[in-house]
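Any value given below was found using the heavy atoms of this structure, including those in side chains, with hydrogens, waters and symmetry copies removed. From a predicted model like this one, the values you see are computed outputs, not experimental measurements.
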Amino acid sequence: MKRLTKRLPLVVATMAMMCGCASPQPHYYTLATTPTPAARSATGQVHPSGGPLWIEVTPVRVPERLNRVQLVVRDDASGGVKLVETSRWTSPLPDELRDSLSQRLQSRLDAVDLYQHGLPPTQPAFRVTAEVVDLNAEVGKQATATISWTVRRLPDGKVLSGRTETVVPAPGQVEGVVNAYRQILAATTADIAVGVQSLNR
């Protein structure tokens, strides 16, 4: 009994050290929005063209430094960037951006995204491509973005291009950065939607 009593503090101390050394669990974030009836629709709203508004949102290109599972933010100490190991996207950032743009455009335009399903051969369709030229976030301060985008009407190939530059406050911690990214995507979606509507007249 005495031997067990002497060992008990050692066991407790060892367990405490093991718990203290355990890595914190990562928190996962997404830029996707809650699906709306328009986004879930199989046929969409009938437009003047005589059928639903078809779109094809392709994967969004991002700089290699941002193509990570972890969130990448500005590091004030070094003047560079750093990976936030405990804050991660639920899918690769290009997929997060594409899915969010697709959902927002479907909802805003009452459209149907046919990405990976094939475009209709006769009905007009609109291919949306986007590229993140720059995307920076400072935790507790702001997020800035420059996103170039193109809308191409098919099958005739008429093109409209644009560039959305946004500065959004990012108060608080990482959640503020994620919310700022959502606002950036909302602004980009609004610009792209205007482009689609212009080509759809």
Side-chain angles (χ1 to χ4, degrees), residues 23-33 39 55-106 108 113-119 125-152 154 157 159-196:
S23 300
Q25 291 297 312
H27 191 91
Y28 290 90
Y29 297 92
T30 182
L31 296 173
T33 61
I55 62 174
E56 181 188 49
V57 183
T58 62
V60 177
R61 296 186 294 272
V62 303
E64 190 58 35
R65 65 181 175 81
L66 297 176
N67 196 5
R68 303 282 188 274
V69 176
Q70 303 91 339
L71 269 72
V72 180
V73 298
R74 299 288 297 180
D75 184 5
D76 291 336
S78 67
V81 296
K82 64 180 179 181
L83 275 63
V84 185
E85 289 291 345
T86 56
S87 299
R88 304 181 182 182
W89 300 114
T90 55
S91 60
L93 184 57
D95 294 339
E96 287 286 331
L97 294 169
R98 194 218 78 85
D99 292 347
S100 182
L101 276 178
S102 172
Q103 290 173 350
R104 291 172 186 274
L105 284 169
Q106 288 184 77
R108 191 178 188 94
D113 185 0
L114 293 176
Y115 175 63
Q116 290 187 332
H117 294 287
L119 295 172
F126 302 88
R127 177 173 292 150
V128 176
T129 59
E131 178 177 3
V132 175
V133 178
D134 194 27
L135 180 64
N136 287 296
E138 297 178 79
V139 178
K141 296 181 180 180
Q142 66 181 19
T144 61
T146 301
I147 300 177
S148 296
W149 50 265
T150 298
V151 179
R152 182 183 299 273
L154 302 173
V159 174
L160 192 153
S161 299
R163 188 180 181 98
T164 302
E165 297 182 353
T166 321
V167 179
V168 180
Q173 299 302 313
V174 172
E175 289 79 4
V177 171
V178 175
N179 287 331
Y181 283 0
R182 291 177 181 141
Q183 294 179 57
I184 287 168
L185 284 171
T188 305
T189 299
D191 289 347
I192 294 173
V194 171
V196 173

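- For the residue pair G172 and V139, the shortest heavy atom distance occurs at O-CG1, 3.7 Å.
- Taking the side chain as every heavy atom from C-beta outward, Q142 and V167 approach each other to under 4.5 Å.
- Atom CZ in R68 sits 13.0 Å away from atom CZ in R88 (nearest 0.5 Å).
- Taking all atoms of both residues into account, the shortest heavy-atom contact from R182 to R104 is O-NH2, 3.5 Å.
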Derivation of the side chain to side chain contact (heavy atoms under 4.5 Å, CB included) call for L31 and D99: CA-CA 8 Å; L31 296 173; D99 292 347; over 6 Å; no

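- Rounding to the nearest 0.5 angstrom, the gap separating the CG atom in L101 from the CZ atom in R108 is 12.0 Å.
- Side-chain contact between L135 and V62 is absent, with no heavy atoms from C-beta onward closer than 4.5 Å.
- Interatomic distance, CG of D191 versus CD1 of I147, reported as 9.5 Å (0.5 Å rounding).
- With hydrogens and angles left out, the side-chain atoms of S100 and E96 include no donor and acceptor closer than 3.5 Å.
- For the pairing with V72, the side-chain contact (heavy atoms from CB on, under 4.5 Å) check across L83, V84, V177 returns one residue only, L83.
- In this structure, R74 does not pair ionically with E138, as no charged nitrogen and carboxylate oxygen lie closer than 4.0 Å.
- A distance-only check finds a donor-acceptor pair linking the side chain of D113 to the backbone of V57 [under 3.5 Å].
- We find the OG1-CD1 distance between T189 and I184 to be 11.5 Å, quoted to the nearest 0.5 Å.
- The nearest pair of heavy atoms linking A170 to A180 is CB-CB, 4.0 Å.
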W149/L160 under side chain to side chain contact (heavy atoms under 4.5 Å, CB included): CA gap, chis, key distance, verdict: CA-CA 9 Å; W149 50 265; L160 192 153; 3.8 Å; yes

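- Atoms CG and CG, from L93 and L71 in turn, are 8.0 Å apart once rounded to the nearest 0.5 Å.
- Between Y29 and W89, the ring planes lie perpendicular to each other; the angle is over 60°, past the 30° to 60° tilted range.
- Residue Q173 qualifies as open at atom CD: its count of foreign heavy atoms under 6.0 Å is 12 or below.
- In this structure, the separation between CZ on R61 and CZ on R98 is 14.0 Å, given to the nearest 0.5 Å.
- Nearest heavy atoms, S161 versus V159: OG-CG1, 3.8 Å.
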